[in-house]
Amino acid sequence: MIETLGLEKTYGVRQALKNTTLTIEAGQVVVLAGPNGAGKSTLLKILATLARPTRGRVAVNRIEIPDGAMKARATIGYVGHQTLLYDELSIYENLRYYGRLYALGGLDARILEVSRQVGIDKRLDDTIRTLSRGYQQRVALARALLHNPRVLLFDEPWTGLDQNSSIVLTGLFEKARGDGATVLFSSHEFERSLVAADRALIMRNGRIIYDGARSEWTDAAGFAQLYAGRLAQAAEQADKRGGTAKKKA
Ligand code: ADP
Ligand code: MG
């Protein structure tokens, strides 16, 4: 479960996140859409305890962060833009290294389990450097799943994924939903991501300007239309307020 109240993040004079209040219940898979610079990665990083909020409250799995960051981290799986893997080590060595950081018991069995889940179990001895982008991303996903987190936070997980890896990712979301985990991921790829989501958020300029359930759009094309409409509307309102917001989404 994810809860934020009046969350804000400022970098110098730049407000990356403005007064954001959001609840995501366990068992929900939520897509975070929005143009570049909207604040998606900032929100995900704060939830992952990798960035500190400037103001407001955040709780992940009912643990307040940043105070309980260490405890919260044990319940969170995060995959960001970088895979954070050791290029010269094998898949197995990478997973073993992270498993030790989390002090996991029964590590070899767990490595095999998550490796099967993302379809890398036949390649555990391969060096990361020799893998395609899609397979590297699968290893990053396996690493994030290793400690059986209750909240999954993925930043643009579809980027660079081939068709098969994309199916793996969709399968992970379905399993997470079934297990009652919470998933929040950012994406530009409506075609692939919307199939997997129960709910969509649209961010613009540090704010959530749309929050709707799966029933509010018919398909990816329907969502793309809604997305364009909401962004245009928000830009118009910003212009009316005499802001400096750009028209272009
Ligand atoms: P998105 O992921 O939606 O593209 P980000 O969360 O990365 O958006 O960025 C939101 C805003 O915050 C942008 O204006 C970006 O330039 C700014 N920003 C993000 N991270 C930093 C940082 N570490 N230092 C300064 N500005 C940042
Ligand atoms: Mg981003």
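Read the numbers this way: they start at 1 and go in the same order the structure lists the ligands and their atoms. Keep in mind that this is a model prediction, so the values were computed, not measured.
Ring geometry, F185 versus F173: the interplanar angle falls under 30°, so the pair is classed parallel (tilted spans 30 to 60°).
Both tests pass for R138 against the ring of Y135: distance under 6.0 Å to the centre and angle within 45° of the axis. A cation-pi arrangement is not found for R230 relative to Y210, the charged atom failing to lie both closer than 6.0 Å to the ring centre and inside a 45° cone about the ring normal.
When non-hydrogen atoms are compared, ligand 1 lies under 4.0 Å from neither the backbone nor the side chain of M203.
For the ligand labelled ligand 1, residue G34 lies outside the 4.0 Å heavy-atom shell.
Using modelled atom types, no side-chain atom of K40 and backbone atom of E156 make a donor-acceptor pair closer than 3.5 Å.
Partner F190 forms a ring-ring contact (aromatic ring centres under 6.0 Å, His included) with one of Y227, W158, W217 and no other, that one being Y227.
Of all non-hydrogen atoms in L107 and G99, the two that sit nearest each other are CD1-CA, 3.6 Å.
Coordination check, T42 versus the Mg ion (ligand 2): failed, since every N/O/S atom of the residue sits at 2.8 Å or beyond.
At most 12 non-hydrogen atoms from other residues, nucleotides or ligands lie less than 6.0 angstrom from CZ of R57.
Nearest protein heavy-atom neighbour of atom 23 (N) of ligand 1: Y11 CE2, 3.5 Å. With hydrogens left out, the protein atom closest to atom 12 (O) of ligand 1 is A16 CB, 3.3 Å, a heavy atom. Distance from atom 8 (O) of ligand 1 to its nearest protein heavy atom, with residue and atom name: G39 N, 3.1 Å.
Close contacts between ligand 1 and T42 involve ligand atoms 5 (P), 6 (O), 9 (O), 10 (C) [criterion: under 4.0 Å to a heavy atom]. Near N36, meaning under 4.0 Å from any of its heavy atoms, are these atoms of ligand 1: 4 (O). Every atom of ligand 1 is numbered from 1 in the order shown, and the set under 4.0 Å from a heavy atom of A38 is 1 (P), 3 (O), 8 (O). Every atom of ligand 1 with a heavy atom of P35 under 4.0 Å away is listed here by number and element: 3 (O).
The closest heavy-atom contact to atom 7 (O) of ligand 1, among the options G37, S186, A51, S41, comes from S41.
When side chains are defined from C-beta on, L47 counts as touching L184, because their heavy atoms get closer than 4.5 Å.
Distances from atom 15 (C) of ligand 1 to the protein include no heavy-atom value under 4.0 Å.
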